[in-house]
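To start, the structure under review is shown below, and the notes come after it.
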Amino acid sequence: MNDFQTALGTWYRANKRELPWRFTKDPYKIWVSEIILQQTRIAQGMDYYLRFVKRFPDIHHLAAAEETEVLKAWQGLGYYSRARNLHTTAKVIVDQYNGHFPADYSLLKQLKGIGDYTAAAIASICFHLVYPVLDGNVYRVLSRYFGINTPIDTYQGKKEFLRMAEDLIDPQEPGEFNQAMMELGATLCSPVKPDCPVCPVRNGCLAFRTDQMMEFPVKGKKEKVVQRYLNFLVIRAADSVALEKRRDQDIWKHLYQFPLIETEQPTEIESLIHTPAWDLLFSGCDLALEEISPRVVHLLTHQRLHIRFIRLRLNGIALPQNIQMVPLSDLTHYPVPKPIEKYLTLELL
DNA sequence: CACTCGTGGGC
DNA sequence: TGCCCAAGAGT
């Protein structure tokens with residue numbers, strides 16, 4: 001073992017957090033934890049992990065579930081394709097692998113939702129295969145330690161950092177090494193105010209020696225934010241409310257929402273009533289406008305959603321087929337995006 | 001490759 | 001407050 005591996009390993013064994021998924025090598029639970037933690041902080045994902053493995057204790061339970069149930073367990077966590085891919089892959093593992101994850105990096109990567117990072121994590125933690133993980137933490141640790149200014153969000157950068165990680169990984173304990181690198185990045189080697197004085201590898205760290213911690217890692221792209229204006233129609237009839245399922249090719253895929261009219265710009269209700277979308281929904285309906293909520297802003301990574309809820313009372317006329325009237329008491333079974341959940345909690349339930 | 005996909009916390 | 005960031009992956 002080289003000095004880096006020794007120092008990192010000693011520090012990790014003494015300082016690692018006792019997280020639930022660190023007490024098992026069950027590939028199912030490691031897999032679930034890794035998917036939940038993609039782009040998600042531990043504090044945010046912890047409860048979801050505990051509830052998920054309780055609700056779906058093994059891969060057979062997950063494979064046998066309905067997609068809506070899986071999305072419901074994921075509701076509020078975001079990046080819902082993770083949940084749909086989790087469900088898809090569970091069925092593949094059961095059907096094609098007899099319920100067992102393959103102990104093979106390439107085969108793991110073929111599974112939906114398992115990319116370079118997750119394949120390396122499962123391979124190293126569960127099967128002791130020597131594949132380094134490269135996540136945001138590891139990029140930060142490596143870029144600071146070696147003083148690499150190649151942008152991490154480029155093809156060149158990924159290649160370069162992968163080579164470094166392959167040279168650095170401890171082949172005797174690849175899973176522990178990988179987790180130690182991430183733990184270091186998540187705790188001491190944080191994006192702002194890294195705690196260098198207690199870092200186990202500060203002596204070899206170029207960023208520390210030159211006091212340039214905040215110059216790394218280097219990133220290139222910045223996304224542009226699109227503005228969208230969503231008018232949700234809260235159509236009430238007796239003790240029911242109208243819901244529709246969101247389709248492919250947009251945010252919140254396969255989640256449920258109130259019938260939606262989206263406009264290019266902020267639109268007054270008087271104009272909205274005269275749009276083709278409104279006619280399509282309500283031509284011939286007996287409607288009463290009850291209330292219009294103030295606009296709320298909901299931020300996504302690259303979209304700014306301006307959301308308004310328009311409450312309507314419907315008197316006994318059927319709606320289009322893709323829209324269903326759902327009893328209020330059944331709403332808890334439907335996975336919904338965060339703004340809808342907030343509205344339901346505050347206004348309807 | 002560039003773009004898309006959620007949500008919450010910290011400063 | 002606006003911006004950055006977080007155990008990435010699919011297309």
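Heavy-atom basis, side chains included; hydrogens, waters and symmetry copies ignored. Within every chain, numbering begins at 1; the chains are lettered A, B, ... in the order of the sequence lines, protein sequences first and strands thereafter.
Here the P atom of nucleotide dT4(B) and the CZ atom of Arg84(A) are 17 Å apart, to the nearest Å. In this structure, CD1 of Ile251(A) is placed 7 Å from P of dC5(B), rounded to the nearest angstrom. To the nearest angstrom, P of dT4(B) lies 13 Å from CD of Gln249(A). Residue Leu255(A) contributes atom CG, which lies 13 Å from atom P of dC5(B) at whole-angstrom precision. The CG-P distance, from Leu299(A) to dG2(C), rounds to 9 Å in whole Å. For the pair Leu300(A) CG and dC3(B) C1', the computed distance is 14 Å after rounding to whole Å. Remark: P of dG6(B) and NE2 of His254(A) are 12 Å apart, rounded to the nearest angstrom.
When heavy atoms are screened at a 4.0 angstrom cut-off, Gly45(A) is found touching no nucleic acid atom at all. At the heavy-atom level, Asn178(A) lies nowhere under 4.0 Å from the strands shown. Among the protein residues, Leu77(A) comes within range of the nucleic acid bases, having at least one heavy atom under 4.0 Å from a base atom.
Here Tyr49(A) and Trp21(A) bring their ring centres to under 6.0 angstrom of each other. Between Phe52(A) and Phe56(A), the ring centre distance stays below 6.0 Å.
The 5' end of DNA chain B is approached more closely, in terms of each residue's nearest nucleotide, by Tyr155(A) than by the other of Val336(A) and Tyr155(A).
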Checklist outcome for this item: Given protein heavy atoms under 4.0 Å, the one-letter contact record of nucleotides 4-11 of chain C, with B base, S sugar-phosphate only and - none, is simply -BBBBSSS

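In this structure, Glu183(A) pairs ionically with Arg22(A), as a charged nitrogen and a carboxylate oxygen lie closer than 4.0 Å. Under a 4.0 Å N-O distance rule, the pair Glu290(A)/Arg236(A) does not qualify as a salt bridge.
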Checklist entry - After noting the C-alpha distance and the side-chain angles of His333(A) and Asp330(A), does the key distance pass the side chain to side chain donor-acceptor pair (under 3.5 Å) rule? => result CA-CA 6 Å; His333(A) 302 302; Asp330(A) 288 352; 4.7 Å; no

Next on the checklist: Please evaluate residues Trp74(A) and Tyr48(A) with respect to the criterion ring-ring contact (aromatic ring centres under 6.0 Å, His included), reporting the C-alpha separation (whole Å), side-chain torsions for both, the decisive distance (0.1 Å), and the verdict.
Outcome noted: CA-CA 7 Å; Trp74(A) 211 266; Tyr48(A) 282 89; 7.3 Å; no

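Comparing the C1' positions of dT7(B) and dT11(C) gives a spacing of 23 Å, expressed to the nearest Å. Rounded to the nearest Å, the gap between the C1' atom of dG6(B) and that of dC4(C) is 15 Å. Going from the P atom of dG8(B) to that of dA9(C) covers 22 Å, rounded to whole Å. The gap from the C1' atom of dA6(C) to that of dC5(B) amounts to 14 Å, rounded to the nearest Å. For the C1' atoms, the distance linking dG8(C) with dC1(B) amounts to 16 Å, nearest Å.
A close approach under 4.0 Å does not occur between any side-chain nitrogen or oxygen of His302(A) and OP1 or OP2 of dC3(B).
Here salt bridge (charged side-chain N to carboxylate O under 4.0 Å, His left out) pairs that include residues 139-166 of chain A, with residues two or more places apart or in two chains, number zero.
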